[in-house]
Each structure stands twice: as C-alpha cells, then as structure tokens.
Amino acid sequence: FVMSLQPSGGVTLTRGRYEKDDADQPGRSRWDLTLVDCSLQYERFPYAIHNVCGNLVLEDRRWDFHELRGEHGGSQIYCNGTWLPLFADQPGGNLTLNFGCRDVPLNDSLPNAVGKLNPGAEKFWTSISPRGTVDKLDITFQFNSVTRASHINLVAEKKATQQNLQGRGITVRPSWFPLELQDCTGRIRYQDGQFRLESIAARHGHS
C-alpha cells in the first residue's frame, strides 16, 4: 500500500511503541510519523502532490493520515484518510482519502487522473476544454484492494465573487457546441462516471 503512494522525501519517527503480552499472540504496535517535504502520487489516481507535510499513524496494520498539506501547481491541497485492513492474518484493505483543494488550475493533470479510473470521463472533460481556476475542489476516493473496486466523488465549485481577479475566470468551448462561454460559475459533481451540472451561469458577448 505504501509503495502504491510512490512516496519520496523525508520522514521523522516522533514516537513508537511495541508491546507483546503473550508469547503465543501477535504483538501490538503504534508508530507516529511526521512527513517532511515529501511528494506523493497514488498510482490509481495519479494526481501528484508536492511539498507534503503532516502526520501518519501506523497502529498495527491500520494507517491514519492526519492534516496532510501539500501543493499541486499553484493549488493548495489538504488530505485526511485511512487504510483499514480487511483481514487479521492476510493482506487486503479499504482505502479512503478525502482531499480538499483550493485555487485549482484547470490543466490536464486532473482529467488525466480521473481518466485512470474512467476513460470516458476524461474524454468528456477534454471535449469541453475548460480553462481557468476552480475556487474549491473536494474529492473523496475509495478503493478496496480485494475487489479492486474504485469509487470517486468529486465536487468542483466556482463562485461569481472571484471573477474579477486576473486569470481566475473559467472559459469553456465544448467541441459538440462550439460557442465559447466565459466567466463560468456554478458547481459540477462527478461520481463513478456520471457528471451533474448545478446552477451553471456563463457569458458570451452581451448574452
């Protein structure tokens, strides 16, 4: 699991404990780790995060991620999550990662990461050619290593109050409706291959 995060950088062991009360029973352990200037890119959702700091706790075979902070381009990313083993005596577990992102540029990185899970979603994203910066992006990613099932819930939001800042406005030009729409606002939800648009507003010339 740790290898699948493709980590690099430094880590500090801030506290460790191992106990074994019975020679015939497995021991118990807890290790508190602090990340120092790390990079992560989960292989099943390859959205690279750099300058990562925060805390990891490994208790027996359970991992907890606490207040991880990092960057992707000019965006700020916050993450909490868990890895819960499914069995006591064999590999396998459930991963849940919750990301909160702010000031996310609409480049190719995000659709490429979503496309790793659903190529059709990447194709749709590319077809609308979005450019600009999303104010708020929340992502919940879940993965079961036994069934290999992945689930993603993504909510992107652009508020009208941010439109006057240089370079932040969102522009789209769908290939299937070639009319450029500027200063787009509203909310887009994506879950397991389906997009839902809510309260979308835009401008084209004086319209």
Side-chain angles (χ1 to χ4, degrees), residues 1-13 31-87 90-126 130 133-134 136-157 188-195:
F1 162 64
V2 175
M3 293 299 294
S4 72
L5 296 175
Q6 303 181 58
S8 63
V11 62
T12 298
L13 174 63
W31 311 97
D32 291 55
L33 309 170
T34 299
L35 299 181
V36 182
D37 193 21
C38 292
S39 294
L40 302 172
Q41 181 169 286
Y42 182 46
E43 63 183 17
R44 295 189 63 85
F45 189 76
Y47 192 73
I49 306 175
H50 304 288
N51 300 324
V52 178
C53 60
N55 303 304
L56 303 180
V57 176
L58 172 59
E59 189 163 6
D60 296 326
R61 293 172 53 225
R62 169 185 173 133
W63 286 89
D64 285 283
F65 308 83
H66 296 293
E67 299 180 353
L68 300 188
R69 300 181 302 279
E71 302 172 358
H72 179 93
S75 61
Q76 302 296 313
I77 301 174
Y78 306 89
C79 178
N80 292 283
T82 57
W83 166 267
L84 298 175
L86 293 172
F87 312 104
Q90 55 183 303
N94 280 320
L95 171 67
T96 300
L97 296 175
N98 299 301
F99 296 96
C101 313
R102 303 295 180 268
D103 302 325
V104 181
L106 291 174
N107 52 31
D108 294 333
S109 300
L110 188 58
N112 289 344
V114 174
K116 184 78 172 180
L117 302 174
N118 189 310
E122 180 181 11
K123 184 177 180 180
F124 171 76
W125 192 300
T126 302
T133 302
V134 171
K136 181 181 179 183
L137 176 66
D138 294 321
I139 302 172
T140 297
F141 177 80
Q142 297 176 312
F143 174 64
N144 184 304
S145 68
V146 176
T147 64
R148 311 300 293 175
S150 300
H151 300 282
I152 183 171
N153 188 352
L154 180 153
V155 181
E157 184 174 7
I188 294 180
R189 298 182 184 273
Y190 170 80
Q191 185 172 12
D192 298 335
Q194 295 187 349
F195 284 94

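- Closest heavy-atom contact between N107 and P111: O-CD, 3.4 Å.
- Remark: H50 pairs with S39 by the side chain to side chain donor-acceptor pair (under 3.5 Å) rule, at least two apart or across chains.
- Under the side chain to side chain contact (heavy atoms under 4.5 Å, CB included) criterion, K123 pairs with no residue, sequence neighbours left out.
- The two residues S145 and G92 have their closest heavy-atom pair at OG-CA, 3.2 Å.
- In this structure D138 satisfies the salt bridge (Lys or Arg N to Asp or Glu O under 4.0 Å) test together with R102, K136, sequence neighbours excluded.
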May I have the list of side-chain donor-acceptor pairs in residues 73-81 shorter than 3.5 Å, sequence neighbours left out?
| from | atom 1 | to | atom 2 | distance (Å) |
| --- | --- | --- | --- | --- |
| S75 | OG | H72 | O | 2.6 |
| N80 | OD1 | E67 | N | 2.8 |

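- Summarising the geometry, atom OG1 belonging to T82 is positioned 13.0 Å from atom CH2 belonging to W63; distances are rounded to the nearest 0.5 Å.
- With sequence neighbours left out, E59 forms a salt bridge (Lys or Arg N to Asp or Glu O under 4.0 Å) with R30.
- Residues forming a side chain to side chain donor-acceptor pair (under 3.5 Å) with N51 (at least two apart in sequence, or on another chain): E71.
- Atoms CZ and OH, on F99 and Y42 in that order, are 10.0 Å from each other to the nearest 0.5 Å.
- Looking at residues two or more places apart in sequence or on another chain, you find a side chain to side chain contact (heavy atoms under 4.5 Å, CB included) between P130 and L106, W125, I128, V172.
- The two residues L40 and P7 have their closest heavy-atom pair at CD2-CB, 3.7 Å.
- We find the OG1-NE2 distance between T140 and H151 to be 12.5 Å, quoted to the nearest 0.5 Å.
- The OG1 atom of T126 sits 7.5 Å away from the CG atom of N112 when rounded to the nearest 0.5 Å.
- Few gaps surround CD on E43; more than 12 heavy atoms of other groups in view lie less than 6.0 Å from it.
- Taking the side chain to side chain contact (heavy atoms under 4.5 Å, CB included) definition, one finds that S150 meets it with R44, L117, F141, F143, sequence neighbours left out.
- At distances below 3.5 Å, not a single donor-acceptor pair connects side-chain atoms of D32 with backbone N or O atoms of L56.
- For R62, the salt bridge (Lys or Arg N to Asp or Glu O under 4.0 Å) partners are D64, not counting sequence neighbours.
- The line from OH of Y47 to CD of Q41 is 11.0 Å long, rounded to the nearest 0.5 Å.
- Legend: residues meeting side chain to side chain donor-acceptor pair (under 3.5 Å) with T96, ordered by chain and number and at least two apart, are absent.
- For the side chain to side chain donor-acceptor pair (under 3.5 Å) test, residues two or more places apart in sequence or in another chain that qualify with T34 are N55.
- Applying the side chain to side chain contact (heavy atoms under 4.5 Å, CB included) test to V155 and every residue at least two apart in sequence or in another chain returns N153, R187, R189.
- Rounded to the nearest 0.5 angstrom, L5 CG and F65 CZ are separated by 5.5 Å.
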